[in-house]
Every structure is written in C-alpha cells, then in structure tokens.
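Here's the structure we're looking at; comments come further down.
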Amino acid sequence: MSQEKYILAFDQGTTSSRSIIFDHDGKVVAVAQKEFQQIYPKPGWVEHDPMEIWSSQSATAAEAISRADLSSDSIAAVGVTNQRETTIVWDKHTGKPVYNAIVWQDRRTADYCRKLKEDGIEAMVSEKTGLRLDPYFAGTKVRWILENVKGARAKAEAGDLLFGTVDSWLVWQLTGHKVHVTDITNASRTLFYNIDQDGWDDELLELFNVPRCMLPEIKSCSEVYGHVEKNLYPGGAPIAGIAGDQHAALFGQACFDPGMAKNTYGTGCFLLMNMGEQPIRSKNNLLTTVAWRIGDKTEYALEGSIFIGGAVVQWIRDELQLVRTAQELDELAATVEDAGGLFLVPAFAGLGAPHWDPYARGAAVGITRGTNRAHFCRAALESIAFQSADLITAMEKDSGISLKELRVDGGACKSDPLLQFQADLLQSEVIRPKCIETTALGAAYLAGLAVGFWKSRDAITKRWEKDHSFTPKRQAEDMAPLTAGWNKALERSKNWEDEVDE
Ligand SMILES: Nc1ncnc2c1ncn2[C@@H]1O[C@H](COP(=O)(O)OP(=O)(O)O)[C@@H](O)[C@H]1O
Ligand SMILES: O=P(O)(O)OC[C@H](O)CO
C-alpha cells in the first residue's frame with residue numbers, strides 16, 4: 001500500500017454519484033461511479049431519494065479507495081461538490097428526510113413564482129440575491145415542503161427540522177450527524193442569501209415563510225469543516241473543501257482571472273465567467289453568483305444556466321431509443337453535414353437563462369419527409385450548442401468582454417461534433433482540457449489548499465493542460481441562418497404549459 005497522500009473528491013451529480021482520488025499532480029488515480037434513481041411523480045416534477053444520494057456516494061468512496069489500494073489515512077483531505085439547488089429537509093433527531101429531495105429541474109413551484117412576480121416582488125428578490133424568481137432555486141422548494149408535508153411546518157418552527165442542499169446533507173452524514181454547514185456558493189443559490197450583506201436575509205426568509213433555525217451555517221469554500229466518522233470511508237479525514245459543482249468546475253479549469261469562462265456540458269449546461277471581486281448585476285437575464293470564497297476573499301461570477309444539455313442525448317438514447325450509446329449518437333450525427341432543417345428545442349424542464357420560461361416545453365420543428373435518425377442526433381447536439389451560444393451572447397453584453405476562448409468540461413464535452421459546432425457558432429476557440437473531471441478536480445483543489453497539500457493557485461494554473469482545441473471551420477455568414485432558425489424554433493416552445501402546480 002502506498003504511503004503517499006491523496007485527495008478524495010465527492011462529486012454528487014444529478015444522475016450519478018462519483019468519487020475521484022487525485023494525486024499531487026492533479027492526476028486521477030481512481031474513479032468510482034454509481035447512477036441512482038430519477039423519480040418523476042408528475043409531469044414537471046423531479047425527485048431523488050436522499051438516502052440513495054448518500055448510500056451511492058458513500059459506496060463510491062469505499063470503492064475508489066479500494067481500487068486505488070489505499071487506506072483511509074492516505075487521504076489528506078476530502079472535497080465535496082454537488083448538484084446545486086436540490087433541496088433536502090430532514091429531522092435533526094432521527095436524521096430521516098421528511099420528503100424526497102426536490103431536484104433543481106423540478107417545476108412544481110412555477111405558479112407560486114408567477115404569483116410573486118405578479119405581486120411585483122421579483123425586483124427586490126433579484127436585487128438581494130442576484131437570482132430570479134424561478135422554481136430552479138431552493139427557496140420555493142423548501143417552502144413547498146413546509147406547506148405540503150404533514151406536520152413539517154410545526155416541526156420546523158419548533159427547531160426539529162434542518163434544511164440543506166446536497167453538500168450540507170453529505171457533510172451531515174459524513175460527520176455522523178454532527179456538522180450542519182453549507183458553503184457560500186451553495187448558499188448563493190437558495191434565494192435566502194443576501195449577496196451584498198453576505199448572510200441569510202430575514203426579509204427573504206419571511207417572504208418564503210422559512211424559519212431561520214433550519215438553515216445551515218455558511219462557510220468558505222476551503223477550510224476544515226469537520227472530520228469523516230471513523231466507521232465511514234475515509235474515516236478520520238478532514239472535510240476541507242465545499243463548492244457547488246459549477247463553481248468547482250470554474251476553479252478546476254483555473255479560470256482565476258476576470259473574463260475567463262468555462263462551460264460544463266453535463267445534464268444541463270452551465271456557463272460561468274469570473275467577474276473578480278465585484279458582484280456585477282446582469283442586464284441580460286443571467287445570474288450573479290459567488291464564484292468562491294477562500295479565506296476572507298470572495299470572488300463572483302456571472303452565470304448562465306441551461307436545464308437540459310447532455311440530458312437531451314440521454315433522451316434520444318433512452319426514450320426515443322434511436323441509439324444505444326451517447327458515442328453512437330456522436331457517430332451518427334457526424335454522418336450528416338447538418339440537421340436537414342430540423343431544430344430540436346429541449347425545453348423539457350422549461351427554459352433557463354436567458355429566457356426563464358418555466359412553462360416552455362420541448363419542440364421539434366422543421367421536420368420533413370426526409371428527416372431521419374441522424375438528423376435527430378445532430379439536432380440534439382446542435383441544440384446544446386445553440387443554447388450555450390445564447391448564454392455567451394448575453395454574457396458578452398453584460399461583461400463587455402468578447403470571448404476569445406471557452407474552456408469546456410462535463411460528460412457531453414467528449415462529443416467532437418458538438419464542440420466543433422460550438423466553435424463554428426461562437427466563431428471562437430473551444431478548448432477541452434486533458435482532465436474533463438474538472439468539477440471533482442476543483443473540489444479536490446479547494447480541499448487540498450485548505451490543508452497545505454497544494455500551496456497556491458499558481459500550482460493549479462500550472463497543472464491545467466489542453467487536450468484539444470476546436471477552432472471555427474465555417475464562416476459567420478454560414479451560421480447566421482441557422483441561428484435565425486433556432487430563434488424561430490425557440491419561440492414555438494415558449495409558454496406552452498398553462499399550469500404546473502398540483
Ligand atoms: N459522447 C457523448 N456525447 C454526447 N453526450 C454525452 C457523451 N457522453 C456523455 N454524454 C452526456 O453527458 C451527460 C453526463 O455528464 P456528467 O458531467 O456526468 O453529468 P452530471 O454531472 O450532470 O450527472 C449525460 O447527459 C450524457 O448524455
Ligand atoms: O449535476 P449537474 O452537473 O448537471 O449540475 C447541476 C447544477 O448544479 C444545477 O444547478
């Protein structure tokens with residue numbers, strides 16, 4: 001067994017839990033991954049079982065440690081990164097969740113958000129939080145649980161229930177129900193966090209009718225929060241880094257200077273641009289979010305969030321069953337030059353930035369007698385790139401920066417046809433790094449910095465390595481009609497559902 005030290009990152013994503021062990025060079029030593037059940041109780045609703053989130057995550061930790069043939073004491077620190085906004089409420093005495101986790105994609109609070117908007121509340125909420133009144137964020141989900149789960153409100157008010165995003169839930173479990181914390185990036189996605197005053201906001205808590213005593217303590221992204229219980233893996237290791245997955249990916253991509261941006265092509269797509277030490281407000285329907293806090297220094301980012309990215313590939317594979325694997329979809333998409341006039345708008349969970357329409361639903365338009373399987377595959381990949389390009393247009397307007405290069409990561413960035421089309425649409429360079437597990441890597445770096453495993457950000461910048469660069473092959477004027485077609489298709493998908501609540 002090795003005597004060297006390593007960092008273990010817990011990457012709790014929307015569709016799977018992963019544990020990845022990194023060495024001092026930031027190289028992957030072992031990976032273990034476990035998918036878990038997606039629960040769709042009604043159209044527009046998405047839930048996870050919090051106990052399965054925990055059991056899948058802890059099982060992968062044990063498996064990764066065993067695959068690398070390490071003992072728990074070889075782990076210098078643990079970093080935690082997570083699907084954000086997904087909301088869990090549990091009983092602090094029994095440790096049992098009072099309801100399933102309500103997932104970030106869940107639209108059940110759309111009508112409530114609409115009512116608040118009609119009451120003219122959104123400007124106040126956006127001003128305080130940098131977010132929007134959209135079912136995406138945790139706040140209205142917590143309220144839904146308190147309103148709809150029998151006995152929950154009374155228990156919450158008596159101080160018997162705790163709320164947490166997935167990071168809080170994992171740390172609570174890892175520490176044997178002792179530590180109830182969150183980090184500032186996850187806090188900044190709740191609708192309870194005041195971005196200027198840097199703390200939970202009483203006016204917002206009152207608006208959503210959520211007792212303050214349920215909330216976790218807000219911490220930085222890189223410090224020791226507690227230690228893993230002895231009977232768990234890796235027993236005794238310090239938990240020393242926490243960040244929401246998109247913030248961790250920005251860190252893992254070494255986007256440390258203002259203007260540097262990354263796009264993660266996972267279940268959804270999330271584009272973040274480092275904005276430095278000022279929380280710049282978007283005028284183009286993006287979000288202002290905390291990039292990270294290390295020590296006393298907080299840095300901010302502008303974010304564009306797309307709800308369905310790589311998930312459209314899964315949909316083609318699992319629901320339409322046009323292909324057996326994502327790789328087959330890439331290969332088939334590469335057999336045609338274009339989508340033959342087909343546009344697919346995967347608004348399955350409404351539209352996120354920059355449209356923010358929880359009532360939008362998926363649309364496929366431009367179908368002709370000649371439309372075939374390959375066109376569907378190609379249109380699916382193109383839809384991911386079109387949505388991302390919409391974010392970049394908004395971000396360039398907000399930041400005044402014309403993006404010269406985009407760093408990419410996440411499962412779907414393995415797709416060459418997707419990244420080539422993205423470069424053509426953006427007319428800029430799209431760069432895939434050697435390590436595309438940048439989310440886990442970012443969490444590992446945050447944990448490693450806290451315990452002195454790595455000394456500085458320079459050490460991280462030096463370790464970032466390019467794998468492949470996609471440069472535009474088509475002219476801007478060739479792409480313009482495609483963008484026009486996409487915009488027409490988008491309009492067809494908007495404002496489709498009338499009601500989302502029960
Ligand atoms: N070769 C590929 N081409 C296109 N999409 C892919 C490919 N491989 C994986 N994906 C997509 O990547 C997504 C998974 O990425 P991942 O970063 O693991 O997601 P998450 O962290 O959101 O669970 C899936 O939606 C899958 O369809
Ligand atoms: O699980 P992912 O990687 O799709 O990320 C989900 C996001 O954090 C939701 O905001």
Side-chain angles (χ1 to χ4, degrees), residues 9-18 20 31 33-36 38 46 48 53 56-57 60 81-87 101-106 131 134-138 141 165-167 185-186 188-190 243-250 252 262-272 287 289 303-319 323-334 346 348-349 352-353 377-378 380-385 408-422 432 435-443:
F10 285 3
D11 179 0
Q12 207 301 304
T14 310
T15 55
S16 72
S17 298
R18 274 195 293 254
I20 306 190
V31 184
Q33 177 165 9
K34 229 175 161 50
E35 294 203 356
F36 55 86
Q38 306 290 313
V46 190
H48 295 157
I53 288 182
S56 58
Q57 191 64 64
T60 61
T81 183
N82 57 291
Q83 53 165 326
R84 308 165 302 165
E85 299 96 13
T86 296
T87 297
I102 303 185
V103 177
W104 57 277
Q105 294 163 317
D106 191 289
L131 309 176
D134 190 273
Y136 175 31
F137 304 104
K141 301 182 199 289
T165 39
V166 171
D167 56 310
T185 67
N186 277 293
S188 80
R189 316 292 298 184
T190 55
D245 53 9
Q246 306 310 324
H247 316 256
L250 192 69
K262 70 88 202 176
N263 195 18
T264 299
Y265 299 80
T267 303
C269 287
F270 300 89
L271 177 77
L272 271 76
L287 308 172
T289 200
E303 171 173 330
S305 327
I306 295 169
F307 299 150
I308 301 289
V312 69
V313 171
Q314 279 170 322
W315 177 74
I316 296 264
R317 186 195 63 187
D318 301 342
E319 311 304 327
V323 290
R324 271 163 305 175
T325 63
Q327 205 185 337
E328 193 186 331
L329 181 141
D330 289 338
E331 285 161 11
L332 204 53
F348 307 151
C377 293
R378 181 141 194 121
L381 292 181
E382 291 186 355
S383 75
I384 303 174
V408 299
D409 53 54
C413 93
K414 283 178 245 160
S415 170
D416 287 359
L418 164 62
L419 296 191
Q420 184 57 53
F421 189 74
Q422 190 75 83
R432 182 169 58 202
C435 176
I436 62 165
E437 294 291 0
T438 40
T439 299
L441 184 58

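We count ligands from 1, going down the list as the structure has it; atoms in each ligand are counted the same way. Keep in mind that the numbers below use all heavy atoms, side chains included, and drop hydrogens, waters and symmetry copies. What you see is a predicted model, and the numbers here were worked out from it, not measured in a lab.
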Less than 3.5 Å between some nitrogen or oxygen of Ala412 and one of ligand 1, yes or no?
yes

Pick, from Cys269, Gly411, Gly310, Gly266, the option with the minimum heavy-atom distance to atom 27 (O) of ligand 1.
Gly310

Can you list the atoms of ligand 1 that are under 4.0 Å from a heavy atom of Thr14?
23 (O)

What are the atoms of ligand 1, with element, lying closer than 4.0 Å to any heavy atom of Gly410?
17 (O)

Heavy-atom side-chain contact between Phe348 and Gln105 under 4.5 Å:
no

Tell me: protein heavy atom nearest atom 1 (O) of ligand 2, and distance?
Thr14 OG1, 2.5 Å

Can an N or O of Arg84 be found at a distance shorter than 3.5 Å from an N or O of ligand 2?
yes

Quick test of your reading of the structure: of Asp330, Val313, Ile384, whose heavy atom lies closest to atom 3 (N) of ligand 1?
Asp330

Can you check side chain to side chain donor-acceptor pair (under 3.5 Å) on Thr439 and Asp245, steps first, answer last?
CA-CA 6 Å; Thr439 299; Asp245 53 9; 5.9 Å; no

If we set the cut-off at 4.0 Å for heavy atoms, which region of Thr267 has an atom near ligand 2: side chain, backbone, both, or neither?
both

List the closest protein heavy-atom neighbour of atom 3 (O) of ligand 2: residue, atom name, distance to the nearest 0.1 Å.
Asp245 OD2, 3.1 Å

For atom 9 (C) of ligand 2, what's the nearest protein heavy atom and its distance?
Glu85 OE1, 3.3 Å

Protein contact to atom 18 (O) of ligand 1 [nearest heavy atom, distance to 0.1 Å]
Arg18 NH1, 3.2 Å

Examine Gln314 against ligand 1 and note whether any of their N/O atoms are separated by less than 3.5 Å.
yes

Thr60-Arg18 side chain donor-acceptor pair, cut-off 3.5 Å:
no

Nearest heavy atoms of Val312 and Pro346, plus distance in Å
CG2-CB, 3.8 Å

For atom 22 (O) of ligand 1, what's the nearest protein heavy atom and its distance?
Thr267 OG1, 2.6 Å

Considering the heavy atoms of Tyr136, write down every atom of ligand 2 situated less than 4.0 Å from one of them.
9 (C), 10 (O)

Return yes if a side-chain donor-acceptor contact under 3.5 Å exists between Asp409 and Thr264, otherwise no.
yes

Does Gly244 come within less than 4.0 Å of ligand 2, judged by its heavy atoms?
no

Does the side chain of Arg84 come within less than 4.5 Å of Thr165's, by heavy atoms?
no

Thr15 neighbourhood, listing ligand 1 atoms whose heavy-atom distance to it stays under 4.0 Å:
23 (O)

Donor-acceptor pair between Gln12 and Ser17 side chains, under 3.5 angstrom:
yes

So if I count the atoms of ligand 1 from 1 in the order they appear, which ones are less than 4.0 Å from some heavy atom of Ala311?
25 (O)

Output the list of atoms in ligand 2 that are nearer than 4.0 Å to some heavy atom of Gly13, sorted by atom number.
1 (O)

Using a strict 4.0 Å cut-off to heavy atoms of Gly268, name the atoms of ligand 2 that fall inside it.
4 (O)

Take a 6.0 Å sphere around CD of Gln327 and say whether it holds more than 12 heavy atoms from other residues, nucleotides or ligands.
no

Closest heavy-atom contact between Phe307 and Ala349?
CD1-O, 3.4 Å

Counting C-beta onward and ignoring hydrogens, is there a side-chain heavy-atom pair between Arg189 and Gln246 closer than 4.5 Å?
no

Report yes if the side chains of Leu418 and Tyr265 come closer than 4.5 Å at any heavy-atom pair, otherwise no.
yes

For Leu131 versus Leu287, what's the shortest heavy-atom pair and its separation?
CA-CD2, 3.9 Å

Which protein heavy atom lies closest to atom 7 (C) of ligand 1, and at what distance to 0.1 Å?
Ala326 CB, 3.4 Å

For Gln246, atoms of ligand 2 separated by under 4.0 Å from a heavy atom:
3 (O), 5 (O), 7 (C), 8 (O)

Taking all atoms of both residues into account, what is the closest heavy-atom pair of Ile384 and Gln422, and its distance?
O-OE1, 4.3 Å

List every atom of ligand 1 that sits less than 4.0 Å from any heavy atom of Ser415, numbering the atoms from 1 in the order shown and giving each element.
3 (N), 4 (C)

